[in-house]
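All values reported here derive from a predicted model rather than from experimental measurement. Reminder, nothing fancy here: chain letters follow the sequence lines and each chain counts from 1. The analysis underlying the following values was restricted to heavy atoms, covering all of them including side chains, and did not include hydrogens, waters or symmetry mates.
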Number of protein chains: 2
Amino acid sequence: MVTKQFGSSPEDAELRRADSLAREIFSDVANKWALLIIEALGERTLRFSELRDEVEGISHKMLTQNLRMLERNGLLVRTVHPTVPPRVEYTLTAPGRGLRETVHGMCDWTHHNLGHIEASRRQFDA
Amino acid sequence: MVTKQFGSSPEDAELRRADSLAREIFSDVANKWALLIIEALGERTLRFSELRDEVEGISHKMLTQNLRMLERNGLLVRTVHPTVPPRVEYTLTAPGRGLRETVHGMCDWTHHNLGHIEASRRQFDA
DNA sequence: CTGAATCCGCAGCGATACTG
DNA sequence: CAGTATCGCTGCGGATTCAG
């Protein structure tokens with residue numbers, strides 16, 4: 001990430017392209033709701049309404065928006081069952097599960113450092 | 001993360017507290033700029049202006065805001081050298097470097113899946 | 001049930017100017 | 001150089017409504 005100082009050669013042009021694409025993806029993915037959705041999904045297959053219940057505090061709109069984004073990037077698949085009422089299910093793809101690994105790492109890190117962070121906050125706020 | 005269904009016992013009250021704190025920390029940390037700053041810092045010690053140059057596209061305001069937040073959570077330390085002009089340096093703490101590991105994981109993941117994502121996007125946009 | 005679209009308030013963010 | 005404060009605006013994001 002954050003490769004810099006490109007030249008003007010064709011190879012560098014390609015590097016620059018990949019780099020800007022990487023930043024774009026990173027911006028898509030490195031946001032609270034997207035990561036929480038991925039974490040909530042896990043290995044399971046969930047419906048829209050189930051996801052809304054799982055991901056605490058997310059609004060209808062944010063959920064659909066992020067689901068579209070994740071689907072577009074191929075991190076999850078959306079399967080529509082042509083019933084009435086409609087039933088739509090979401091499942092992580094292999095890349096999605098890959099990203100989930102790192103999200104998991106963040107969650108572990110969070111819990112592991114709760115104490116340190118809480119203490120640091122108290123001191124800072126004084 | 002996302003522990004649920006608490007009872008009303010004292011132990012559960014403590015669990016609930018830790019859980020809400022975890023969510024708060026997660027919300028702080030799971031945002032584009034914070035993660036990019038952490039990634040940019042790495043093992044180095046950088047000045048404010050150096051960080052602004054490293055983290056491409058970040059504004060003065062966002063940088064200070066996120067630096068304060070990261071400092072408050074004990075992820076980095078801010079050392080002021082009482083010279084003129086002032087010189088302020090930022091360095092990741094042990095917990096900060098721990099988080100950086102997972103950020104690194106995300107970056108690796110991004111680069112590793114560039115192809116898949118780009119292809120998925122093209123298909124989706126059609 | 002899922003999702004698109006609309007409206008709208010407010011916070012996030014950038015730009016700028018000012019202090020130490 | 002680093003940081004705070006103020007202003008103004010854009011766009012995020014919530015609430016609501018309508019459609020399939």
*asked:* Counting only side-chain nitrogens and oxygens, does B:R47 get under 4.0 Å of the OP1 or OP2 atom of D:dC1?
replied: no

Does OP1 or OP2 of D:dA2 have a side-chain N or O of B:S49 closer than 4.0 Å?
yes

How many whole angstroms separate atom [atom1] of [X] from atom [atom2] of [N]?
X     : N      : atom1 : atom2 : value
B:R68 : D:dT4  : CZ    : C1'   : 10 Å
B:L63 : C:dA15 : CG    : P     : 14 Å
B:K32 : C:dG12 : NZ    : P     : 16 Å
B:K61 : D:dC9  : NZ    : P     : 15 Å
A:R87 : C:dG3  : CZ    : C1'   : 17 Å
A:I58 : C:dT2  : CD1   : P     : 14 Å
A:Q65 : D:dC12 : CD    : P     : 8 Å
B:E89 : D:dG3  : CD    : C1'   : 16 Å

Out of [options], whichever nucleotide has its closest atom nearest the side chain of [X]:
X     : options              : answer
A:Y90 : D:dG3, C:dG3, D:dC1  : C:dG3
B:M62 : D:dA2, D:dT4, C:dC13 : C:dC13
A:S59 : D:dA2, C:dC1, D:dG14 : D:dG14

Does the ring center of B:H60 lie less than 6.0 Å from the ring center of B:F48? yes

From the list B:L46, B:L67, B:I37, B:L70, side chain to side chain contact (heavy atoms under 4.5 Å, CB included) with B:Y90 holds only for B:L67

message: Looking at A:R47 and A:V88, would you say the former's side chain and the latter's main chain have a donor-acceptor pair under 3.5 Å?
response: no

Contacts of A:E50 and B:P86 projected onto DNA chain C by closest heavy atom; the upstream (5') one is A:E50

Any donor-acceptor N/O pair under 3.5 Å between D:dG3 base and B:H60 side chain = yes

*With heavy atoms under 4.0 Å as the rule, sort B:R78 into base, sugar-phosphate or nothing.*
sugar-phosphate

- Message: Using salt bridge (charged side-chain N to carboxylate O under 4.0 Å, His left out), reason through A:D19 and A:R23 one step at a time and then give a plain yes or no.
- Response: CA-CA 6 Å; A:D19 204 61; A:R23 274 213 195 74; 3.1 Å; yes

Worksheet item: Is the shortest side-chain N to carboxylate O distance from B:E14 to B:R17 below 4.0 Å?
Response: yes

